[in-house]
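What follows is one structure encoded as structure tokens, with my remarks underneath.
When a ligand or atom number is given, it counts from 1 through the structure's own listing order. Computation of the quantities below employed the complete heavy-atom set of this structure, encompassing side-chain atoms and omitting hydrogens, waters and symmetry-equivalent molecules.
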Amino acid sequence: MKIGIVGAGLGGLLAGALLSKENEVVIYEKLPIVGGRFTNIGYKGYQLTTGALHMIPHGANGYLAQLLKKAGCNIYIENSNPDGLFRINKKNHTYKNIFNLVGLKDKIKGLKMAANLKIGNVDKNISFGEFLEDIPLALDIGNSFTGWALSLNAYDTPMEEILKIAQNYYKFGGPGIPIGGCKGVIDELVRVIKNNNGKIITNYNVKRIEIDDNKGYINPEENEEEFDIIISNLSPKLTENLSNMKIIKEKVPIPSKGIKVSIGCREKLIEHNGVLFTPESERINGLNCPSNVDKNLAKEGYNLIMVHATQIKDNVKNEIDRVLSDIDNLFGENNIKDYEILHIQSYRDEIPVNHASNGTDLNPVVNNRFYLVGDGVKGKGGIEVEGVALSVLNAIEYINKRYN
Ligand SMILES: Cc1cc2nc3c(=O)[nH]c(=O)nc-3n(C[C@H](O)[C@H](O)[C@H](O)COP(=O)(O)OP(=O)(O)OC[C@H]3O[C@@H](n4cnc5c(N)ncnc54)[C@H](O)[C@@H]3O)c2cc1C
């Protein structure tokens, strides 16, 4: 079959790498570079990113790692150990230890909640915030987790999503960091697509997608190619605007907003390769230090620290000021003065953290000829790029059933 893919983000490239084994694939990308919100930007000797924090939510065993392997990519993902620590009362605590930070009554309640979550014995129709709110520390910890992982407040996170995320966590484990960071993954996908004779056309702005009963067309006024299948890696909203198909029906995808700060620092604020959650900070949800896994991600002799915060209020400048003040406090507590803010990025509207926040994702199948992949159509419980991988898995399973 001949397959046209619009957008060379992680979703488009992953679909392209898997489908180019047995099909003729052409990928059209608007920008001069590929990878979308999952690639590196070299700056002052550091490998900063266009979006992600160089972290794969379920590490070497999750959906993304499995699909990369299936596509034939050679990528080493180092699993985090510990997955995460929690900074409470100016000390870093393990997950197990945080139960000892509350009184006996709350400790028993908290352990019961954790056990019920593990076996799925919870009300699926409430939010994660409602599930946690009886114990103030649990709510703060929940907010730092959903803020870091989903760029959502716990009250905006459906319990159904948390249940599926917990299931995936117990099945696949916690996060990991790929060698080379995000671009390590993207470079491998490009290599595989080219090896399979797939084409990637950059600097190509797709303005129109037309689908009829027999074929699909990309920029039909100037491009004579006809496709059996078209896959859009753009947001559901943009895909609908560019195409002759109705995509958003009853369910409306709500983007998740966030702020990321990249920091260079000679001293080690974090010794491990997992997440340091910051439940007591006013805005920041957590930070990681990907150069603890791949030192080439930072300038020689320095560390790259990446901080993430959910954007809570609309005034972006105020939100950034609060994030910077949290960072100042955190480094101050550790007596570190010589850190350098390398880059501050805010994500919303057409370039958000996720095009659909968890729970508001659409179905990747529009019809037999037209599919979506990416973070507007993540599968249930798919955190970030694991959700992107699930979208690709779901679309390809449907295509295989329909056409093979
Ligand atoms: C601050 C931040 C931190 C994050 N941290 C993490 C993390 O640590 N771990 C994680 O797993 N995920 C993380 N994410 C989420 C992750 O980066 C995204 O979910 C993922 O990269 C989305 O990939 P995608 O393929 O859906 O879309 P995109 O990356 O947006 O790809 C879409 C592509 O389509 C192209 N395009 C757009 N319009 C057109 C057009 N008209 N014609 C042709 N091409 C077009 C774009 O240029 C782009 O290349 C983070 C995101 C942000 C913003």
Check: [X] N/O within less than 3.5 Å of ligand 1 N/O:
X    : value
L10  : yes
V206 : yes
V6   : no
G11  : yes
L234 : no
E384 : yes
E29  : yes
M55  : yes
H308 : no
H54  : no

Check ion pair [X]-[Y] (N to O, under 4.0 angstrom):
X    : Y    : answer
R191 : E188 : yes
R322 : E282 : yes
K317 : D321 : yes
K2   : D228 : no
K237 : D349 : no

Could you tell me which atoms of ligand 1, counted from 1 in the order shown, lie closer than 4.0 angstrom to a heavy atom of [X]?
X    : answer
P57  : 11 (O)
N354 : 15 (C), 19 (O)
L31  : 47 (O)
F38  : 21 (O)
D375 : 18 (C), 19 (O), 22 (C), 26 (O)
Y28  : 43 (C), 44 (N)
G374 : 26 (O)
Y204 : 42 (N), 43 (C)

Residue, atom name and distance, where the atom is the protein heavy atom closest to [atom]:
atom                    : result
atom 50 (C) of ligand 1 : A52 CA, 3.6 Å
atom 2 (C) of ligand 1  : G51 O, 3.2 Å
atom 31 (O) of ligand 1 : G9 CA, 3.2 Å
atom 1 (C) of ligand 1  : Y347 CE1, 3.4 Å
atom 44 (N) of ligand 1 : K30 N, 3.0 Å
atom 11 (O) of ligand 1 : V385 CG2, 2.9 Å
atom 8 (O) of ligand 1  : L53 N, 2.9 Å
atom 17 (O) of ligand 1 : R37 O, 3.2 Å

(Q) Can you tell me which portion of V373 lies within the under-4.0 Å heavy-atom range of ligand 1? Options are side chain, backbone, both, or neither. (A)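 For V373, no heavy atom sits under 4.0 Å from ligand 1.
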Q) Is it the side chain (CB and beyond), the backbone, both or neither of N233 that lies under 4.0 Å from ligand 1, heavy atoms counted? A)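 Answer for N233: both.
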Q.
Can you confirm whether or not the ring centre of F128 sits under 6.0 Å from the ring centre of Y155?
A.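 Centroid separation for F128 and Y155: 6.0 Å or greater.
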For [X], look at atom [atom1] and say whether over 12 heavy atoms of other residues, nucleotides or ligands are found less than 6.0 Å away.
X    : atom1 : answer
K251 : NZ    : yes
E22  : CD    : no
E222 : CD    : yes
K199 : NZ    : no

Q | Qualifying residue for salt bridge (charged side-chain N to carboxylate O under 4.0 Å, His left out) with K380, from E386, E160, E161 | A |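 Going through E386, E160, E161 one by one, the salt bridge (charged side-chain N to carboxylate O under 4.0 Å, His left out) with K380 is satisfied by E160 alone.
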Q. Any luck finding a side-chain donor-acceptor pair between Y339 and D328 under 3.5 Å?
A.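 Short answer, yes.
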**Q.** Sole residue of L330, L269, N292 in side-chain contact (heavy atoms from CB on, under 4.5 Å) with I305
**A.**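 Running side-chain contact (heavy atoms from CB on, under 4.5 Å) over L330, L269, N292 with I305 returns exactly one hit, L269.
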Q.
Do N153 and T310 make a side-chain contact, defined as non-hydrogen atoms from C-beta onward lying under 4.5 Å apart?
A.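 No. Closest side-chain heavy atoms not under 4.5 Å.
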Q. Is the shortest heavy-atom distance from the side chain of L13 to the side chain of I27 under 4.5 Å?
A.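 Yes, close enough: below the 4.5 Å cut-off.
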Q: Check each of K260, K257, H308, E384 against S151 using the side-chain hydrogen bond (donor to acceptor under 3.5 Å, both in side chains) test, and report the only one that passes.
A: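 The single option meeting the side-chain hydrogen bond (donor to acceptor under 3.5 Å, both in side chains) with S151 is H308.
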